[in-house]
Amino acid sequence: MEQVTIRQEWESDYAQVEQLIRQAFYNIYTPGCTEHYLAHVIRSHPDFLPELDLVLELDGRIIGSILYTRSTLVDETGEEKDILTFGPVCIRPDHQRRGLGKRLMEDSFQRAAALGWEAIVIVGDPNNYVGCGFQSCKKHRVHLEDGTYPAAMLVKELKLGALAGKSWTYRQSPAYDFDEAAAREFDDALPPMEKKRLPCQEAFEILSQAVLPE
């Protein structure tokens, strides 16, 4: 019987986790990927939350990872509320579609709630997250600075009603802003993987640019 363990990431795991993230994301959203570089640099940012930096082990081998940062919601009066954003989150490709990603996310939600966090906002494919309780950002009146509701922006309340009764502007942590040229240089220094143009990339581009009607 397989043994699944979810634990905090150790510094000695960093290179292995970055390689895992690279394998999971390569050619999914763009030819190549930058998510492994994001993981590489995000750990040193003040908004990074090491207590929610988790790995999933299967029989002692790391096959999953999730990293969290602090982000912010601002209401109509200018009052700020600290919330969570996660990403990258992944499972090694040959172990996907077995429920392990959901198991890793739900474990992280329980830990986050126990630490007092009340909500999570992410940007991603709804098909991957609605099964874990994420809903459209519009249902919670969470929008961007320009007032739009991106179709790919999703919200999960860890405390029921935490966002009710207000309209919120989402401000993602600057931890997710990185130098694209540095990311390419980082990837080029790793063992080569073939960059491909795939249909899933076009589908993601359409989804990421779609907004919900007012």
| said: Assess the residue pair His36 and Phe186 against the criterion (side-chain contact (heavy atoms from CB on, under 4.5 Å)); give the C-alpha distance rounded to whole Å, side-chain angles, the decisive distance to 0.1 Å, and a yes or no. | reply: CA-CA 9 Å; His36 56 309; Phe186 181 78; 3.7 Å; yes
| said: Evaluate Lys81 against Asp75 for side-chain contact (heavy atoms from CB on, under 4.5 Å), listing each step before the verdict. | reply: CA-CA 8 Å; Lys81 182 181 186 67; Asp75 70 13; over 6 Å; no
| field | Leu115/Leu52 under side-chain contact (heavy atoms from CB on, under 4.5 Å): CA gap, chis, key distance, verdict | value | CA-CA 10 Å; Leu115 291 168; Leu52 293 174; 4.1 Å; yes
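In the hydrophobic clustering of ILVMFWY residues, with side-chain heavy atoms under 4.5 Å counting as a link, Ile66 and Leu158 come out together. Leu104 and Leu49 fall within a single hydrophobic cluster, where Ile, Leu, Val, Met, Phe, Trp and Tyr are joined by side-chain heavy atoms under 4.5 Å apart, directly or via other members. Note: the hydrophobic cluster containing Val142 does not contain Ile120 (ILVMFWY, side chain heavy atoms under 4.5 Å, direct or indirect links). Leu190 and Val41 fall within a single hydrophobic cluster, where Ile, Leu, Val, Met, Phe, Trp and Tyr are joined by side-chain heavy atoms under 4.5 Å apart, directly or via other members. Hydrophobic clustering places Leu54 together with Val89 (ILVMFWY residues linked when any side-chain heavy atoms are closer than 4.5 Å, directly or through intermediates).
For the atom pair CG of Asp82 and OG1 of Thr72, the computed distance is 5.0 Å after rounding to the nearest 0.5 Å. Note that the CD1 atom of Ile63 and the CG atom of Leu58 stand 4.5 Å from one another [nearest 0.5 Å]. Taking CZ of Arg184 as the reference point, atom OH of Tyr37 lies at 11.0 Å (rounded to 0.5 Å). One finds the CZ atom of Phe25 at 11.0 Å from the OG1 atom of Thr30 (value rounded to the nearest 0.5 Å). Note: Gln19 CD to Ile62 CD1 = 12.5 Å, rounded to the nearest 0.5 Å. Here the straight-line distance linking atom CD of Glu35 with atom CZ of Arg22 works out to 12.0 Å at 0.5 Å rounding.
By the 6.0 Å contact criterion, CD on Gln96 is enclosed, its count of non-hydrogen atoms from other residues, nucleotides or ligands being greater than 12. Surrounding CD of Gln3 are at most 12 heavy atoms belonging to other residues, nucleotides or ligands under 6.0 Å away. For Arg7, the CZ atom sits in a packed shell: over 12 heavy atoms of surrounding residues, nucleotides or ligands are nearer than 6.0 Å. Counting heavy atoms of neighbouring residues, nucleotides and ligands inside a 6.0 Å radius, atom NZ of Lys139 does not exceed 12 of them.
Side-chain contact between Cys90 and Leu20 is present, with at least one heavy-atom pair separated by less than 4.5 Å. Contact of the Trp168 side chain with the Val121 side chain is not registered, since no non-hydrogen atoms from C-beta on lie closer than 4.5 Å. Ile6 places none of its side-chain heavy atoms less than 4.5 Å from the side chain of Val55. The shortest side-chain heavy-atom distance between His140 and Leu73 does not fall under the 4.5 Å cut-off. You'll find the side chain of Ile28 stays beyond 4.5 Å of the side chain of Cys33, heavy atoms only. Between Arg98 and Glu2 the shortest side-chain heavy-atom distance falls below 4.5 Å. Considering only heavy atoms from C-beta on, Arg70 stays 4.5 Å or farther from Ser173 through its side chain. Proximity of Pro174 to His45: side-chain heavy atoms (C-beta onward) are separated by under 4.5 Å at one or more points.
A salt bridge links Asp94 with Arg92: the distance from a Lys NZ or Arg NE/NH1/NH2 to an Asp or Glu carboxylate oxygen falls below 4.0 Å. For the pair Arg43 and Glu18, the salt-bridge criterion is met [side-chain N within less than 4.0 Å of a carboxylate O]. By the 4.0 Å N-to-carboxylate-O rule, Glu202 lies too far from Arg197 to be salt-bridged with it. Between Arg103 and Asp107 there is no salt bridge, since no side-chain N of the basic residue sits under 4.0 Å from a carboxylate O of the acidic one.
Closest heavy-atom contact between Ile21 and Ala39: CD1-CB, 3.6 Å. A pairwise comparison of heavy atoms in Trp117 and Ile83 identifies CZ3-O, 3.6 Å as the closest pair. In terms of heavy-atom proximity, Pro31 sits nearest to Gln201 at CD-OE1, 3.4 Å. Closest heavy-atom contact between Ala151 and Pro126: O-CG, 3.8 Å. The nearest pair of heavy atoms linking Ala183 to Thr34 is CB-CG2, 3.9 Å. Considering every non-hydrogen atom in both Leu84 and Ala112, the closest pair reads CD1-CB, 3.5 Å.
At distances below 3.5 Å, not a single donor-acceptor pair connects side-chain atoms of Glu118 with backbone N or O atoms of Lys159. In this structure a side-chain-to-backbone donor-acceptor pair under 3.5 Å is missing from Glu76 to Lys166. Counting only distance, with no hydrogens or angles, the side chain of Asn27 and the backbone of Lys196 share a donor-acceptor pair below 3.5 Å. Using a distance-only test at 3.5 Å, with no hydrogens or angles considered, a donor-acceptor pair links the side chain of Ser208 to the main chain of Phe204.
A donor atom on one side chain and an acceptor atom on the other are found under 3.5 Å apart for Asp187 and Tyr26. No side-chain N or O of Thr85 forms a donor-acceptor pair with one of Tyr176 less than 3.5 Å apart.
In this structure, Phe86 and Tyr68 have perpendicular ring planes: the angle between them is above 60°, well past the 30° mark. In this structure, Phe109 and Phe134 have perpendicular ring planes: the angle between them is above 60°, well past the 30° mark. Ring geometry for Tyr149 versus His143: interplanar angle over 60°, hence perpendicular rather than tilted (30 to 60°).
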